[in-house]
Amino acid sequence: MEKNKWFQKSVVYQIYPRSFMDSNGDGIGDLNGITTRLDYLAELGVDVIWLSPIYKSPNDDNGYDISDYQNIMNEFGSMEDFDKLLDAAHSRGLKIVMDLVVNHTSDEHAWFVESKSSKNNPKRDWYIWRDAPKDGGVPTEAISCFSGTVWEWDEVTKQYYLHIFSKKQPDLNWDNPEVRKTVFDLMDWWCAKGIDGFRMDVISMISKAPEYYLPLSEGGCYNPTNGPHVHEYIQEMNREVLSRYDLMTVGETPGVTVEEAKKYAGADGKELNMVFQFELTDLDCNETGKWNTNRAHLTDIKRVLSKWQHGLYGTAWNSLFWDNHDQPRCVSRFGNDSTPQLREASAKMLAVCLHMLQGTPYIYQGEELGMTNYPFTALSECRDIEALNAYREYVEEKKCFTHDEMIKNIRKASRDNARTPMQWDDTINGGFSVGDPWIPVNPNYTEINASAQVSDPNSVFSFYKALIRLRHEMPIITDGEYTLLDPESEEHFCYTRQNKDTKLIILCNFSDKVIECPYTKEIEGGELVICNYEAPNSEKAPMRAYEARVYKI
Ligand code: GLC
Ligand code: CA
């Protein structure tokens, strides 16, 4: 593949190291654990592994609060273990993309410790400090992504510092050139080690608009994304680091619009390869954010995905995902996990629907097994700071929900749903750990696990494997133009892909009912490329619950 273009043909697998595989029985996944499971990923056929953060961290936000960017978290192992993992991955043809979390650091990072030590410290300006307003209160009304104000008071130097996430995640001041230079240097250090790219955490937030620092009464705003210098800083990063290596880069960009994405992920290669947009996963949000039991409408899902397919076609590049470590499990959320049959069918159907689109697909660990949400019944089963803070806010402070209602919301929306351990086999703790796992294992591991699926040709795993192979074999999946059919249907999601040689028709029944096959004329005489059930007797055969078919015309 041409330098810097392999990302368009790749399928990425996301590993959340804490929950993937524990090699030493302390109940926490680790690097050596990942190394022992590389053959599984090679068997699946993915091209790239994205590792959620493995750097030193006090784990206020499970590694997204970094206290040393050039060392490995104690619980995960050593730099030697990392080097072994990287070599072992490369020897299997697997690339490794690191999570780069540089909008903020941990408050335990040496830079912040210095910054905090006095107003005259040379690193004071590396973070964002503000005086208390004369009439008291916090500098602005901006709200943290993890509940409450973004401002934390420092008693020693008598100023507030800004933290968009937890108070243990102070935001770096990217307007300071020394900060940028230091970040670029540490990125360069990792690149020189031979890593294959970066997934950039909330990179759309590194430049805040001046209004962000004003009280609402003075024209302030809540929005920390897509600020005035963000593209300038990413272009600088590209010039200084990215362009000098053969990397894959993906920006996590909350608040991104199609227009902004064309800049972040433009085909001109000045910034990043692609971005994650959250319009799809935000569809079920309301005034209490994700904390509700809503389900997105299929027509909205189609509208959003289609907008991005058209919007970036030929000018930028999409990343495709149903879930990740911040989202509930996709089969529970967009499919149906109420019976084993429906779960399997809907997991496969969702995979077809996503993997036939244009963009780079991301598989979140366990998705390829159809792993489900966790049946939370108590707050003591939750680990995530976001859910724990939200519980305090919505149940204890604002009294928006009763305890039972909030547990239901958590069951539907909590990030912990994605973070329960990977289900390897039906032995204790799903084969994840012989110790006591840091977070409960989903009790359905006896039924849903890798060992049962790898050798079963009809499993969700084997189906993902087939889809990945198709992407590698059929150029149209990478380059074909997308057209949505019937935007109004709440039952099926059908679309076509077309290039100069061929056309694909993708039919997905999103309902638990048997439906008439739509587009029988269009698929007549076509070749069935893949189907998540036994092949239908004829093209006209009705579509079974959650059936998905792809025809080549
Ligand atoms: C991103 C990460 C999320 C983390 C947050 C703060 O959204 O994906 O897990 O909590 O940034 O770093
Ligand atoms: Ca361990």
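Counting starts at 1 for both ligands and their atoms, in listed order. What you see is a predicted model; the values in this text were computed from it and never measured.
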Arg333 side chain to Thr281 backbone, donor-acceptor under 3.5 Å: yes
Top protein contact for atom 5 (C) of ligand 1, by heavy-atom distance: Phe165 CE2, 3.7 Å
Contact partition for Glu386 relative to ligand 1, non-hydrogen atoms under 4.0 Å: neither
Whether over 12 other heavy atoms sit under 6.0 Å from Glu80 CD: no
Trp174 six-ring face occupied by Arg180 cation (under 6.0 Å, within 45°): no
For His104, the ligand 1 atoms whose distance to one of its heavy atoms is below 4.0 Å: 6 (C), 12 (O)
Those atoms of ligand 1 less than 4.0 Å from some heavy atom in Phe146: 10 (O)
Within-4.5 Å side-chain heavy-atom neighbours: Leu44 and Ile468: yes
Trp129 six-ring centre to Arg124 NZ/CZ under 6.0 Å and within 45° of normal: yes
Atoms of ligand 1 close to His325 [distance to a heavy atom under 4.0 angstrom, numbered from 1]: 2 (C), 3 (C), 8 (O), 9 (O)
Nearest non-hydrogen protein atom, atom 10 (O) of ligand 1: Asp61 OD2, 2.5 Å
Contact check: Asn24 to the Ca ion (ligand 2), N/O/S below 3.0 Å: yes
Backbone of Asn273 reached by a side-chain donor or acceptor of Thr249 within 3.5 Å: yes
Aromatic plane relationship, Trp151 with Tyr213 - under 30° parallel, 30 to 60° tilted, over 60° perpendicular: tilted
Lys181 atom NZ, neighbour heavy-atom count above 12 within 6.0 Å: no
Name of whichever N/O/S atom of Asp26 is nearest to the Ca ion (ligand 2): OD1
Tyr127 and Tyr161 aromatic centres sub-6.0 Å: no
Side chain, backbone, both or neither: the part of Phe278 lying under 4.0 Å from ligand 1 by heavy atom: neither
Identity and distance of the protein heavy atom lying nearest atom 2 (C) of ligand 1: Asp201 OD1, 3.0 Å
Residue selection (non-hydrogen contact nearest atom 3 (C) of ligand 1) among Asn324, Ile66, Asp326: Asp326
N, O or S from Ile28 under 3.0 Å to the Ca ion (ligand 2): yes
Whether Ser144 side chain and Phe165 backbone form a donor-acceptor pair below 3.5 Å: yes
Proximity of Phe432 and Trp438 rings by center, below 6.0 Å: no
Name, closest N/O/S atom of Asp30 to the Ca ion (ligand 2): OD2
For atom 7 (O) of ligand 1, the protein heavy atom that lies nearest, with its residue and separation: Glu252 OE2, 2.8 Å
Which atom of Asp22 approaches the Ca ion (ligand 2) most closely (N/O/S): OD1
Whether Glu75 has an N, O or S atom under 3.0 Å from the Ca ion (ligand 2): no
Distance filter under 4.0 Å to Arg415 heavy atoms, resulting ligand 1 atoms: 3 (C), 4 (C), 9 (O), 10 (O)
Structural part of Gln327 in contact with ligand 1, heavy atom criterion under 4.0 angstrom: neither
